[in-house]
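Contents: one structure, followed by commentary.
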Protein chains: 2
Amino acid sequence: MDESAQVTATTVVDAGPSPSMGQPLDAAEELIQLSRIVQDIHARISQRHGLPPVQAKLLCVLAFGPRGMAELARCFGVEKAALTGLVDRAERRGFVSRSPVTGDRRALRVTLTSSGHRAAAAFHTDAAAELNQLLSPLAPSDREDFRTALAKIIATRGQPHSPTEAG
Amino acid sequence: MDESAQVTATTVVDAGPSPSMGQPLDAAEELIQLSRIVQDIHARISQRHGLPPVQAKLLCVLAFGPRGMAELARCFGVEKAALTGLVDRAERRGFVSRSPVTGDRRALRVTLTSSGHRAAAAFHTDAAAELNQLLSPLAPSDREDFRTALAKIIATRGQPHSPTEAG
DNA sequence: TATTGTTATACTCTATAACTATA
DNA sequence: TATAGTTATAGAGTATAACAATA
């Protein structure tokens with residue numbers, strides 16, 4: 001009878017057209033929806049470039065310079081064993097290469113190939129364009145305010161753990 | 001030497017502590033970061049409840065009422081074959097059940113069990129709390145403005161296709 | 001002992017294609 | 001023919017655990 005009594009649209013992450021459309025959204029739901037839109041854009045552009053989303057992410061991280069496997073695992077928030085497979089697939093496609101690290105014979109350095117650089121740049125161009133487009137419905141001053149709020153939220157949560165300068 | 005020339009932090013979706021921290025972020029990067037934070041919250045709370053994120057999403061969608069397989073597939077933006085497996089796993093854990101639809105002998109209706117309802121409600125409570133918490137660094141009036149902007153962005157993109165009233 | 005990376009195994013999620021049954 | 005759902009197969013992504021080599 002009233003299955004909807006306890007659960008609102010809030011937690012319907014990424015669910016597209018939801019059964020509760022038409023009601024005003026609460027803050028949590030709005031955040032979820034924005035998140036969905038951003039992820040969808042990322043996924044769609046990845047696909048357009050023939051890359052699984054995580055591979056696109058990998059290329060973009062490596063565009064800043066070579067990284068070690070463990071460093072990448074921390075950066076992605078996954079186990080190191082997952083990185084082995086991730087890098088395997090990227091290497092198989094010619095986007096990255098593993099090379100030894102002088103001074104630590106256990107370590108490997110993952111580097112973008114020139115093909116990987118091209119793929120990363122092409123992906124980035126498209127993604128940045130579409131994401132920036134997202135703010136176009138806002139008036140310039142509103143856009144400023146929105147970004148200020150966004151920055152405040154991000155600063156409060158995403159505490160970066162000073163990355164190693166390696167590379 | 002300058003691998004970072006072409007690709008900015010923008011497209012580093014979900015990359016956690018990025019190599020470019022400390023520089024001011026552009027709008028696209030901010031959107032990506034917020035998206036990462038929201039998804040991380042969802043994933044973490046799903047895990048806390050012993051659910052893969054997509055399973056949590058399924059429970060929350062079904063909390064509004066039963067849905068057909070094809071309806072769920074459209075809602076999730078995946079192929080119907082993927083739904084079969086998704087519902088299989090949820091059914092195996094006792095969260096949902098399939099039942100016939102009178103009037104269309106091809107169709108199945110997926111319904112939350114009482115166990116599924118409890119899981120959905122518990123998950124939702126946690127998720128809504130943490131997501132709303134995200135806006136706490138904003139002053140009340142800023143929060144209003146932020147949500148207004150958010151709503152405008154969402155309205156411009158996420159065009160809901162009036163869902164079937166079925167249930 | 002701790003760290004770096006790999007292998008082995010298993011599970012979830014997804015796509016594609018071929019199939020059945022019903023509309 | 002079109003739609004609802006399943007099965008089969010393949011692949012990506014992830015976790016855990018056990019392992020090797022090095023620090």
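Every chain is numbered from 1, with letters handed out A, B, ... down the list of sequences.
Listed here is the closest heavy atom pair of B:Ala27 and A:Leu135: CB-CD1, 3.5 Å.
One interatomic measurement links the two molecules: CZ of B:Arg98 to P of D:dG5, which rounds to 9 Å at whole-angstrom precision. To the nearest angstrom, P of D:dT22 lies 5 Å from CZ of A:Arg105. Taking atom CG of A:Asp104 as the reference point, atom P of C:dT4 lies 8 Å away to the nearest angstrom. In this structure, A:Leu108 atom CG and D:dA23 atom P are separated by 12 Å, rounded to whole Å. Between the C1' atom of D:dA12 and the CG atom of A:Leu58 lies a distance of 14 Å, rounded to the nearest Å. Protein atom CG of A:Leu83 is 16 Å distant from nucleotide atom C1' of D:dT16, rounded to whole Å. Atoms CG (A:Asp88) and P (D:dT14) sit 13 Å apart, rounded to a whole Å.
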Enumerate the protein-to-nucleotides 11-16 of chain C contacts in which both atoms are nitrogen or oxygen and the separation is below 3.5 Å.
{"unit_1": "C:dC13", "atom_1": "OP2", "unit_2": "B:Gln55", "atom_2": "NE2", "d": "3.1"}
{"unit_1": "C:dC13", "atom_1": "OP2", "unit_2": "B:Arg89", "atom_2": "NE", "d": "2.6"}
{"unit_1": "C:dC13", "atom_1": "OP2", "unit_2": "B:Arg89", "atom_2": "NH2", "d": "3.2"}
{"unit_1": "C:dA15", "atom_1": "OP2", "unit_2": "B:Glu79", "atom_2": "N", "d": "3.0"}

Check nucleotides 1-3 of chain D against the protein and report each pair of N or O atoms closer than 3.5 Å, with its distance, or say if there are none.
{"unit_1": "D:dT3", "atom_1": "O2", "unit_2": "B:Arg106", "atom_2": "NH1", "d": "2.5"}

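Taking side-chain N and O atoms only, B:Arg109 has no distance below 4.0 Å to OP1 or OP2 of D:dA4. Between C:dG5 and A:Thr84, no contact under 4.0 Å exists linking OP1 or OP2 to a side-chain N or O.
Side chain of B:Thr148 to main chain of B:Glu144: a donor-acceptor pair is present (N/O by atom type, distance under 3.5 Å, no hydrogens or angles). Judged by distance alone, the side chain of A:Arg109 and the main-chain N or O of A:Val101 form no donor-acceptor pair under 3.5 Å.
Between B:Ser46 and B:His42, some side-chain heavy-atom pair lies under the 4.5 Å cut-off. Two residues are said to be in side-chain contact when any heavy atoms from C-beta on lie closer than 4.5 Å; A:Arg98 and A:Asp88 meet this criterion. Within the 4.5 Å cutoff, no side-chain heavy atoms of A:Asp26 are placed close to those of B:Leu131. You'll find the side chain of A:Phe123 stays beyond 4.5 Å of the side chain of A:Leu59, heavy atoms only.
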Kindly indicate, with the supporting measurements, whether the criterion salt bridge (Lys or Arg N to Asp or Glu O under 4.0 Å) is fulfilled by A:Arg36 and A:Asp40. CA-CA 6 Å; A:Arg36 171 177 73 79; A:Asp40 283 354; 3.5 Å; yes

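Note on residues 129-138 of chain B: pairs passing salt bridge (Lys or Arg N to Asp or Glu O under 4.0 Å), not counting sequence neighbours, are B:Arg44-B:Glu130, B:Arg48-B:Glu130.
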